[in-house]
Amino acid sequence: MRLYETLSRRAAWSYRIAALSVFVFAGAFVWHRFFGLATPLAFKIMGAAIAGAIVAVVVAIAALVAIWNNGDRGAGRATTALLLAALVLAVPLWSLPALLTLPRLYEVTTDPAAPPAFDRIARIRQGQANPIRYEAAFAPLQAQAYPDLKPLVIQRPLVDVYTSVRDVVKTLNWKILEEQAPEATKAGHIEAVEKTLLFGFMDDVAIRVTGNAKSARVDIRSSSRFGQHDLGRNAERVRRFFMEVKNRLAALERLERMERVVAARQAEEKEKAKSPAKPASRKRDTN
């Protein structure tokens with residue numbers, strides 16, 4: 001019979017490893033999000049923290065089993081280690097469904113045959129960033145996973161559509177790096193960057209607007225600057241952008257329709273004011 005309980009070394013180590021993993025992951029997150037830590041280095045540090053969290057889970061489970069069998073102290077530390085490790089592992093576990101169900105793409109475009117070009121962005125994407133050349137192998141994967149990503153064709157003048165596109169880019173808080181308004185022989189072109197809300201990853205966007213005085217076509221290319229799997233983020237960005245453009249153009253249509261109705265009523269009232277009033281006919285007194 002044991003006269004005293006010993007502290008489980010596994011429980012103590014699981015707690016230390018889990019706490020260190022949380023500290024490393026949180027530090028990399030804050031450093032990258034707010035103080036400019038390079039994204040590739042942030043990926044490596046966060047990956048190490050995730051690996052540490054997995055080790056902490058394994059050691060904590062082993063400690064709990066030993067504590068149950070031997071009656072050692074340390075169940076609280078092992079349980080706390082599991083909770084701390086869960087905080088770190090929540091991010092990869094949240095991403096797991098997308099990793100398993102979506103294709104391994106880091107960019108999408110509405111025109112795989114001739115995607116909008118990266119000109120200004122090409123001077124930024126250096127080093128370990130993803131290449132600026134569109135991978136032809138992405139086209140069939142995109143067509144299967146995101147069949148709805150097609151060019152947006154609108155029956156409105158090119159200038160109006162480009163103006164609406166530019167307004168939407170600003171509304172979405174994308175940082176415009178370069179823009180070219182449409183001219184006689186040139187298409188409208190916008191290059192912008194969006195910083196993701198949570199982790200602060202940089203995603204690059206190129207938009208091309210072509211057309212004439214009657215109709216316009218909008219193509220977009222959205223690409224993650226780092227990482228080989230975008231978890232469907234670029235496709236969602238394209239959908240959100242096109243939805244905003246459609247809503248803005250629909251609002252413009254309603255405004256123009258209202259202006260035409262008001263103008264027609266004003267013209268009708270002016271015509272009535274110009275026409276002379278007819279004198280009232282007097283009835284003869286037959287009495």
Side-chain angles (χ1 to χ4, degrees), residues 107-121 134 139 142-197 203-224 230 232-275:
E107 72 174 320
V108 298
T109 179
T110 56
D111 188 357
F118 287 149
D119 296 326
R120 177 70 177 85
I121 291 172
Y134 179 73
Q142 175 187 314
Q144 183 177 6
Y146 314 117
D148 57 313
L149 299 189
K150 302 291 185 182
L152 180 61
V153 179
I154 305 165
Q155 300 303 315
R156 285 193 65 86
L158 171 61
V159 175
D160 290 354
V161 174
Y162 178 81
T163 301
S164 296
V165 164
R166 189 178 185 278
D167 291 343
V168 168
V169 170
K170 290 188 172 183
T171 300
L172 294 173
N173 292 320
W174 298 355
K175 181 181 179 182
I176 296 178
L177 301 179
E178 188 172 85
E179 61 177 311
Q180 169 66 53
E183 298 177 355
T185 58
K186 290 185 179 181
H189 184 78
I190 296 176
E191 292 184 59
V193 174
E194 183 182 25
K195 190 174 185 179
T196 61
L197 181 62
D203 291 342
D204 300 313
V205 178
I207 304 168
R208 182 178 62 217
V209 186
T210 57
N212 50 44
K214 294 183 178 180
S215 65
R217 165 175 163 160
V218 182
D219 283 291
I220 182 172
R221 177 184 181 185
S222 180
S223 178
S224 301
D230 65 1
R233 186 172 65 245
N234 286 301
E236 288 301 320
R237 178 178 296 111
V238 171
R239 294 185 183 116
R240 186 172 76 251
F241 170 74
F242 276 166
M243 182 61 66
E244 290 291 336
V245 171
K246 290 177 182 178
N247 291 340
R248 186 170 292 269
L249 289 171
L252 182 61
E253 289 270 0
R254 290 192 296 269
L255 179 61
E256 291 177 347
R257 193 180 304 117
M258 188 179 301
E259 290 176 347
R260 288 194 295 268
V261 170
V262 171
R265 288 179 178 175
Q266 290 177 345
E268 184 179 348
E269 291 175 357
K270 288 181 180 179
E271 287 296 326
K272 288 181 179 180
K274 289 180 181 178
S275 58

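Counting from 1, the numbers follow the sequence of the chain as shown. We use all heavy atoms of the structure for the numbers below, so side chains are in, but hydrogens, waters and symmetry mates are not.
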Run Ile190 and Tyr162 through side-chain contact (heavy atoms from CB on, under 4.5 Å) and show every step you take. CA-CA 10 Å; Ile190 296 176; Tyr162 178 81; 3.7 Å; yes
What is the minimum heavy-atom distance between [X] and [Y], and which atoms define it?
{"X": "Val218", "Y": "Thr110", "value": "O-OG1, 4.3 Å"}
{"X": "Pro115", "Y": "Tyr134", "value": "CG-CB, 3.8 Å"}
{"X": "Ala117", "Y": "Ala206", "value": "O-CB, 3.6 Å"}
{"X": "Ser224", "Y": "Arg233", "value": "OG-NH2, 3.2 Å"}
{"X": "Gln155", "Y": "Ser215", "value": "OE1-CB, 3.6 Å"}

Measuring from [X]:[atom1] to [Y]:[atom2], what's the distance to the nearest 0.5 Å?
{"X": "Asp204", "Y": "Leu177", "atom1": "CG", "atom2": "CG", "answer": "7.5 Å"}
{"X": "Arg166", "Y": "Thr171", "atom1": "CZ", "atom2": "OG1", "answer": "11.0 Å"}
{"X": "Asp230", "Y": "Glu236", "atom1": "CG", "atom2": "CD", "answer": "10.0 Å"}
{"X": "Arg240", "Y": "Glu194", "atom1": "CZ", "atom2": "CD", "answer": "5.0 Å"}
{"X": "Asp160", "Y": "Arg248", "atom1": "CG", "atom2": "CZ", "answer": "12.5 Å"}
{"X": "Ile220", "Y": "Asp111", "atom1": "CD1", "atom2": "CG", "answer": "12.5 Å"}

Is the number of heavy atoms from other residues, nucleotides or ligands under 6.0 Å of Leu197 CG greater than 12?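 Result for CG/Leu197: open.
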Atom NZ of residue position Lys170 - does it have more than 12 heavy atoms of other residues, nucleotides or ligands inside 6.0 Å?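 No.
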Side chain to side chain, [X] and [Y], heavy atoms closer than 4.5 Å:
{"X": "Arg239", "Y": "Asp148", "value": "yes"}
{"X": "Lys272", "Y": "Glu269", "value": "no"}
{"X": "Ile207", "Y": "Val205", "value": "yes"}
{"X": "Asn234", "Y": "Val238", "value": "no"}
{"X": "Glu107", "Y": "Thr109", "value": "no"}
{"X": "Leu249", "Y": "Glu253", "value": "no"}
{"X": "Ile121", "Y": "Arg221", "value": "no"}

Can you tell me if Ser222 and Arg237 form a side-chain donor-acceptor pair at under 3.5 Å?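 Note: Ser222 and Arg237 side chains meet the donor-acceptor criterion.
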Closer than 3.5 angstrom, by distance alone: can the side chain of Glu244 be matched with the main-chain N or O of Val168 as a donor-acceptor pair?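 The answer is no, because no donor-acceptor pair under 3.5 Å joins these two groups.
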Between Glu179 and Val169, does a side-chain contact (heavy atoms from CB on, under 4.5 Å) hold up when you go through it step by step? CA-CA 11 Å; Glu179 61 177 311; Val169 170; over 6 Å; no
Sequence neighbours excluded, which residues qualify as ring pair (Phe, Tyr, Trp, His ring centres under 6.0 Å) partners of Phe241?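 Once residues adjacent in sequence are excluded, the partners of Phe241 under the ring pair (Phe, Tyr, Trp, His ring centres under 6.0 Å) criterion are Trp174.
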